[in-house]
Asker: 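Take this structure first; my questions come after.
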Protein chains: 2
Amino acid sequence: MNSEHNRGNGTGNGESKHHSVLDTLGLEITSGVLEEGRVLTLDTIQERFDVSRTVARETMRLLESKGLVVSRRRVGITVRPTASWQVYDPRVIWWRLAGPGRDSQLRSLTELRIAVEPLAAAAAARHAGAAERARLVELATAMRPLGEAGRLDPFNDLDVELHSLVLRASGNEMFAALTDVVAAVLRGRTQLGLMPDRPVPEALDLHEAVALAVADARHQDAEEAMRLLLSEVRDAMVPLGAPGGR
Amino acid sequence: MNSEHNRGNGTGNGESKHHSVLDTLGLEITSGVLEEGRVLTLDTIQERFDVSRTVARETMRLLESKGLVVSRRRVGITVRPTASWQVYDPRVIWWRLAGPGRDSQLRSLTELRIAVEPLAAAAAARHAGAAERARLVELATAMRPLGEAGRLDPFNDLDVELHSLVLRASGNEMFAALTDVVAAVLRGRTQLGLMPDRPVPEALDLHEAVALAVADARHQDAEEAMRLLLSEVRDAMVPLGAPGGR
DNA sequence: CCGCTCAATTGGTAACACCTTTCAGTGAGG
DNA sequence: CCTCACTGAAAGGTGTTACCAATTGAGCGG
């Protein structure tokens, strides 16, 4: 439970010192163990992780650039409130998904997906290359038997690839930059058991509909199919008490 | 050699050394002056900016965490391709908006707005507090006379506040985190002369419609009005390559 | 063609001077 | 006795230098 730092021991040499202390601190802050207003100092970081001042400082700088802390003279390194975190930073997302706030994080990211992916599908229908269109159809058709057989893991892999491909093929870098996020959401959802035992048939149909619409450059259809697919996704998530009801 | 620190420079004392070198390097990379594959070393950075190794290193770490460079032993600090940049990092966005790619950046961000803001409006219609609803209506009604008079700057200020408020009131932190981006887009658009001399009447109507729908908790209407408003925005953008300069 | 050595460059440590900011203590005045 | 302003010292980040270790690409020699 206590984090012993594997210093110099054979296996885990690779990751630079920064990485381990950054991850530890990042996790502790995002998970609330180090709550807002808590003050650290470089000295305590040095001592706690047994690293040099340089490493402590560079780590602090990284945390600061992610909005997790602020460093001020004479006072130290203060943990900042949630509102100032850089929530699009991949590492921040990762930390939050790994911590206790995972569920709510998954929900806000899903809402983001609902916003972005339909437009990305429409854009992909306009801009995708021939190979990408073909691959999409291939993926969607391959998903059906896996889904019907309830083989969730390989199904999930294809699902991730399909959604990532749509985002990348959209031609908008802001959309494309969300591939990792979407992948994390999709993976996290199954790992967390938020998925039904096997995908509902509509989901299979809709994946196919999206792929075909993109392949045929029917951008309006692609957008609508993706929208339906995602509202399906939202409804399938375990409720948090929201009536929903579109 | 002898370090006469130019520390006493009158005006710009505040910003730490990092800031200036980080901004310079960040701008040069995002603008393409330092193209992909270009290799820097800590020594050259030290020399060029007359800073210590510590500052050079910490700056490099920041650039690395933004995906702009990668640092490897024996080889140096290599500029990474556009695809690996953290395009949601506020500073990266800022650099790109300040550089020659401003126009295309503005376009991809606008597409992101089109995706996100309608959903944010719908969410705001559900979750906003009473004060927020009132403020929205207030803003929208105040915008009309300014718009009709062609007073673009104050109009723009209210516009920024309205859109920011919607995003914040949505209750989704991923949406809320885009306020700065949206503000930058709105401001950049007028500064760049991409706006018509005075807002079209439909825009004024739609702002009001959004505000009223949110205030009345009509989430479907709010979403639709925001969608119309943004498609208006997209259509109003001067097509690629148009001369700016108002 | 392969392996060896060398040198370049980052990774990491240590010690230091300096500057800013805070806070406690002190004294005067009400 | 209480309050407020000043003052001075300490705390802690900022920035610098020097140094060694680890890594690895490149050239050289067999």
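In this text, all values refer to a predicted model and were calculated from it rather than measured experimentally. Naming convention: chains lettered A, B, ... in sequence-line order (proteins, then strands); numbering from 1 in each chain.
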Asker: With a cut-off of less than 4.0 Å, is there a side-chain N or O of B:His18 near OP1 or OP2 of D:dT14?
Answerer: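 Checking D:dT14 against B:His18, no side-chain N or O comes under 4.0 Å of OP1 or OP2.
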
Asker: With a 4.0 Å limit, can you tell me whether A:Arg72 has a side-chain N or O closer than that to the phosphate oxygens OP1/OP2 of C:dT22?
Answerer: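 Answer yes for this pair, as a side-chain N or O of A:Arg72 is under 4.0 Å from OP1 or OP2.
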
Asker: Which residues in residues 61-69 of chain A have a heavy atom closer than 4.0 Å to any atom of DNA chain D?
Answerer: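 Heavy-atom cutoff 4.0 Å gives A:Arg61.
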
Asker: Check every atom of D:dT17, C:dG11, D:dG13 against the side chain of B:Thr54 and return the nucleotide holding the closest atom.
Answerer: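 Selected nucleotide (nearest to the side chain): D:dT17.
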
Asker: Would you call A:Arg61 and B:Arg61 a side-chain contact if the rule is heavy atoms closer than 4.5 Å?
Answerer: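 They are not in contact (no side-chain heavy atoms under 4.5 Å apart), so the answer is no.
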
Asker: Report the distance from atom CZ of A:Arg57 to atom P of D:dT14, rounded to the nearest whole Å.
Answerer: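 For the pair A:Arg57 CZ and D:dT14 P, the rounded distance is 6 Å.
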
Asker: Starting from P on D:dG25, measure out to CZ on B:Arg73 and report it in whole angstrom.
Answerer: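 After rounding, the gap between these two atoms is 12 Å.
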
Asker: Where the side chain of A:Ser52 is concerned, which of C:dT13, D:dA26, D:dT17 is the nearest nucleotide?
Answerer: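 The answer is C:dT13.
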
Asker: Check every atom of D:dT14, C:dG12, D:dT16 against the side chain of A:Ser71 and return the nucleotide holding the closest atom.
Answerer: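 So the side chain of A:Ser71 is nearest to D:dT14.
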
Asker: Looking only at side-chain atoms of B:Lys17, point me to the closest of C:dG12, C:dT9, D:dT16.
Answerer: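 Among the listed nucleotides, the one closest to the side chain of B:Lys17 is D:dT16.
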
Asker: Going by heavy atoms in the side chains, are B:His207 and B:His163 under 4.5 Å from each other?
Answerer: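 Of all side-chain heavy-atom pairs linking B:His163 with B:His207, at least one is under 4.5 Å.
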
Asker: For D:dA10, does the base pair up with any side-chain atom of A:Arg74 as donor and acceptor (N or O, under 3.5 Å, distance only)?
Answerer: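 In this structure, the two groups form a donor-acceptor pair.
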
Asker: Between the side chains of A:Arg48 and A:Glu28, is the shortest nitrogen-to-carboxylate-oxygen separation below 4.0 Å, so that they form an ion pair?
Answerer: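 A:Arg48 and A:Glu28: salt-bridged.
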
Asker: State, to the nearest 10°, the angle formed by the axis through the first five base pairs of the helix from C:dC1-D:dG30 to C:dG30-D:dC1 and the axis through its last five.
Answerer: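 Between the first-five-pair axis and the last-five-pair axis there is 10°.
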
Asker: Using atom CZ of A:Phe49 as one end and atom P of C:dT13 as the other, report the distance to the nearest whole Å.
Answerer: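 It works out to 13 Å between those atoms.
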
Asker: Looking only at non-hydrogen atoms, find the nearest pair between A:Ala215 and A:Arg133 and report the distance.
Answerer: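 Taking every non-hydrogen atom into account, O-CD, 3.6 Å.
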
